[in-house]
Structure formats: structure tokens, C-alpha cells
Amino acid sequence: MEYGSVEGKQSSFTPGKRKRLNVVAILVSLLTPCAVFCGVFVALSFQLHYWSPSISWFSVTAGLALAGTAGFLARRNQIREQDPTWFTFAALAYLFATVFGAILGDMNYWYNMQPFYDIENINSYPDVNPARERGQQLMDAGRVYFEDGTGLDISKSMSFKNLDRYCVAPIVHGQSPLDSYDFWAVGLNCCGSSTGAFQCGEYNNPKAHAGLRLMQEEQRPFFRLAVQQAEAAYNIKANHPLFFYWMQDPVAEILHYKTSGFAWALIAIATHFAFNLLCVAGAALAFSKLAQDV
């Protein structure tokens with residue numbers, strides 16, 4: 001037999017030969033896509049994304065490069081009439097892990113971890129009196145604890161509708177009119193078009209005297225428009241409005257963001273591992289049957 005001839009090459013497609021399961025290939029295909037998914041998901045979910053977004057997104061490039069490398073090796077083996085099956089599976093598994101790790105990690109970051117990091121990195125102010133302080137004094141406020149006697153003036157609530165309804169109500173101290181209404185409780189789709197229909201946050205909790213800063217930049221212009229409508233409707237001024245979610249315990253809400261972020265991470269990683277395990281088991285059975293049938 002001539003060296004390098006077709007008869008001398010080892011391939012899972014050689015007729016009449018039973019191919020044994022490649023245990024090493026199965027283990028690699030089971031573990032490495034999970035490692036890729038974890039790496040991409042974690043890079044895009046947590047602090048690396050917050051402090052160095054470009055580096056976190058480089059993990060996606062690395063994952064795609066790994067998928068491309070596996071695809072190249074599969075094609076090379078096919079040209080050489082060697083077994084390309086597990087390389088092909090690896091290429092698809094790496095691609096899936098990278099794409100879905102990026103999508104889910106980025107979603108987890110924006111919905112859970114980014115608000116947590118934002119609020120953690122700005123100041124907390126105690127004993128704030130809306131009748132005394134001005135918005136310019138609390139530009140870096142993340143959590144604000146208002147003095148006793150502070151509440152919402154529902155009679156001056158207002159909304160602005162742009163697909164969603166952006167609801168605002170001034171935070172006041174006592175019954176006297178303010179020179180400038182700079183502190184506003186906000187919420188989405190929790191009020192009606194009529195005055196006094198504000199039902200956002202813990203509006204009916206008598207122990208609520210605190211606010212958690214609105215951090216969604218894309219929502220702020222619409223809340224500002226609602227405040228401008230309130231200024232015109234009630235003949236009041238809001239020189240430098242700041243927006244807060246009205247609540248009793250901002251710390252608990254912040255920790256909820258963090259807990260939700262880590263919970264979603266565990267769920268995503270466990271789900272991907274289970275899905276990949278099923279795919280590897282199915283691929284092993286399919287490749288074994290294919291080798292027997294050829």
C-alpha cells in the first residue's frame with residue numbers, strides 16, 4: 001500500500017469500519033463551549049464592561065476567532081479525507097456560545113449590573129429638605145434620604161406620553177409653595193392623564209422618605225418634558241429638576257439589582273451547560289451512527 005493513498009488514510013467514513021467514540025473530543029466539546037460562554041457572559045455582565053467596555057467586547061472577538069479556527073480545522077480535515085465531525089461541532093458550539101453569551105451578558109449588564117454600579121459610584125445624601133436644598137447642590141446624588149415631613153404633592157403630578165407614559169410628581173416638605181421644585185418622583189406607566197392619578201413607586205407608603213436616582217439617560221428628556229408641562233399647568237418653577245424613584249429603602253433596591261444580576265448569571269450558565277450537554281450527547285450518537293452507516 002502506497003503511503004498517502006486513500007486506502008491508507010484514517011477516516012470515520014471508511015466503509016466497513018466501526019468508529020469508537022472519541023472520549024477526548026466529547027469532553028472538549030462539552031467543557032470548552034461552556035468556558036467560552038462563561039468568559040463572554042462574565043466579561044459583558046460585570047465590572048469589566050463598566051470600566052473597560054472595549055476590553056469586555058474583545059472577548060466576543062476572541063470567541064468568534066476560536067469558532068473560526070475550529071471551522072478551519074474541520075475544513076482542513078475534510079479536504080484531507082479525515083474526520084471533520086467534532087471540529088465542525090466545536091465551531092458551531094463556539095459560535096453559539098459566543099453570540100448568546102454576548103447577548104445575554106449585555107442584557108444582564110444593562111438591566112441589572114449597570115444601574116447597580118452607577119448608583120454605587122455616586123453619593124448618598126441624608127436629611128435633605130426640598131424646601132431648602134436646590135438641585136444644583138445634589139448633582140452627584142444617587143440615594144437621597146429626605147427629612148421627616150417630606151412627601152409627594154400628588155395634586156401637582158403630571159405625565160407626558162410618548163409610547164410609554166412618563167409620570168412625575170414633586171417631592172415637597174410641608175404645605176408651603178417652593179421657590180423651585182427641583183426634586184421629582186418618577187415612574188413609567190403608573191399614572192393617568194388626570195391630575196392626582198400618580199401611583200408610582202411607594203407613593204402610598206407613609207414610611208417612604210427616600211429616593212433612588214433615575215439613571216436611565218434615555219428616559220430623562222421625557223420626564224423633563226413632563227415637568228415642563230407641570231410648570232405651565234401649575235405656574236411653578238423647576239430650575240434644575242432631579243428625578244428619583246420614591247421608596248422607603250434605597251439600599252434594598254440597590255442590592256436587588258446586584259442579586260438579580262448574579263442570579264441571572266447562574267441561570268444563564270446552568271442553562272447553557274444543560275443545552276450543550278444535550279447537544280454533545282446527540283452529536284455523539286449521530287456521529288457514531290453515521291460512521292456505521294457509511
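Because the structure is a prediction, the values reported are computed rather than measured.
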Determine, step by step, whether V186 and Y166 satisfy the side chain to side chain contact (heavy atoms under 4.5 Å, CB included) criterion, reporting the C-alpha distance in whole Å, the side-chain angles of both residues, the deciding distance to 0.1 Å, and the verdict. CA-CA 7 Å; V186 300; Y166 295 82; over 6 Å; no

Show your working on side chain to side chain contact (heavy atoms under 4.5 Å, CB included) between D182 and E133 and close with a plain yes or no. CA-CA 9 Å; D182 285 351; E133 274 79 28; over 6 Å; no

Please test Y117 against Y257 for side chain to side chain contact (heavy atoms under 4.5 Å, CB included), starting from the C-alpha separation and ending with a verdict. CA-CA 9 Å; Y117 294 136; Y257 281 125; over 6 Å; no

Verdict with supporting geometry, L152 and V172, side chain to side chain contact (heavy atoms under 4.5 Å, CB included): CA-CA 6 Å; L152 305 181; V172 298; over 6 Å; no

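Within the 4.5 Å cutoff, the side chain of L64 has heavy atoms near those of the L95 side chain. In this structure, F37 and F273 have side chains that are not in contact, with every pair of non-hydrogen atoms separated by 4.5 Å or more. Taking 4.5 Å as the limit, some side-chain heavy atom of T150 sits within range of a side-chain heavy atom of P130. A heavy-atom distance below 4.5 Å is found between the side chains of C279 and F89. Taking the side chain as every heavy atom from C-beta outward, V227 and F243 approach each other to under 4.5 Å. A heavy-atom distance below 4.5 Å is found between the side chains of S124 and Y145. Residues L188 and F223 meet the side-chain proximity criterion, which asks for heavy atoms closer than 4.5 Å. Taking 4.5 Å as the limit, every side-chain heavy atom of F146 sits out of range of all side-chain heavy atoms of H173.
Side-chain N or O atoms of S52 include none that pairs as donor or acceptor with a backbone N or O of L48 at under 3.5 Å. No donor-acceptor pair under 3.5 Å is formed between the side chain of K207 and the backbone N or O of H209. Side chain of S59 to backbone of A43: no donor-acceptor contact under 3.5 angstrom is found. Checked by atom type and distance alone, the side chain of Y234 pairs as donor or acceptor with a backbone atom of S157 at under 3.5 Å. The main-chain N or O of F160 is never found under 3.5 Å from a side-chain atom of Q229 such that the two would form a donor-acceptor pair. Under a 3.5 Å cut-off, the side chain of S56 and the backbone N or O of P53 do form a donor-acceptor pair.
Put simply, I26 and L277 are part of the same group of oily side chains (I, L, V, M, F, W, Y) that touch within less than 4.5 Å, one to the next. By the rule that hydrophobic residues join a cluster once side-chain heavy atoms approach within less than 4.5 Å of another member, I122 and F116 end up as members of one cluster. The hydrophobic clustering, which links ILVMFWY residues whose side-chain heavy atoms are closer than 4.5 Å, places L73 and L92 apart. A single hydrophobic cluster is seen to contain both F46 and W51, as judged by linkage of ILVMFWY side chains at heavy-atom distances under 4.5 Å, directly or through other members. A single hydrophobic cluster is not seen to contain both M247 and L255; linkage of ILVMFWY side chains at heavy-atom distances under 4.5 Å, directly or through other members, places them apart.
Applying the 6.0 Å contact sphere to NZ of K161 captures more than 12 heavy atoms from other residues, nucleotides or ligands. Dense packing is recorded around NE2 of H240, with more than 12 heavy atoms of other residues, nucleotides or ligands lying under 6.0 Å away. Atom CG of N204 has more than 12 heavy atoms from other residues, nucleotides or ligands within 6.0 Å. The neighbour count for N235 CG, taken as heavy atoms of other residues, nucleotides or ligands under 6.0 Å away, does not exceed 12.
For residues 139-149, the pairs satisfying salt bridge (charged side-chain N to carboxylate O under 4.0 Å, His left out) are R132-E147, with sequence neighbours left out.
Here the CZ-CG distance, from R213 to L138, works out to 8.5 Å after rounding to the nearest 0.5 Å. Rounded to the nearest 0.5 angstrom, K237 NZ and L178 CG are separated by 13.0 Å. Separation of atoms CD1 (I269) and CH2 (W264) is listed at 13.5 Å; rounding is to 0.5 Å. Between H49 atom NE2 and I55 atom CD1 the span is 12.0 Å, to the nearest 0.5 Å. The OG atom of S159 sits 12.0 Å away from the CG atom of D164 when rounded to the nearest 0.5 Å.
In plain terms, the two heavy atoms of L242 and F244 that are nearest each other are CB-CE1, 3.6 Å. Shortest non-hydrogen contact noted between S29 and N276 is O-ND2, 3.1 Å. What you find for A233 and M158 is that their closest heavy atoms are CB-CE, 3.7 Å. Minimum interatomic distance between W246 and A185 (heavy atoms only, all atoms of both residues): CB-CB, 3.9 Å. For the residue pair V36 and G63, the shortest heavy atom distance occurs at CG1-CA, 4.4 Å.
Every residue two or more places apart in sequence or in another chain that forms a disulfide (SG to SG under 2.5 Å) with C200 is listed here: C190.
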With a cut-off of 3.5 Å and sequence neighbours excluded, list every side-chain donor-acceptor pair involving residues 96-115.
| residue | atom | partner | partner atom | Å |
| --- | --- | --- | --- | --- |
| T98 | OG1 | Y94 | O | 2.8 |
| D106 | OD1 | W110 | NE1 | 3.0 |
| D106 | OD2 | W110 | NE1 | 3.4 |
| N108 | OD1 | N112 | ND2 | 3.0 |
| N108 | ND2 | S45 | OG | 3.3 |
| N108 | ND2 | G261 | O | 3.2 |
| Q114 | NE2 | D118 | OD2 | 2.7 |

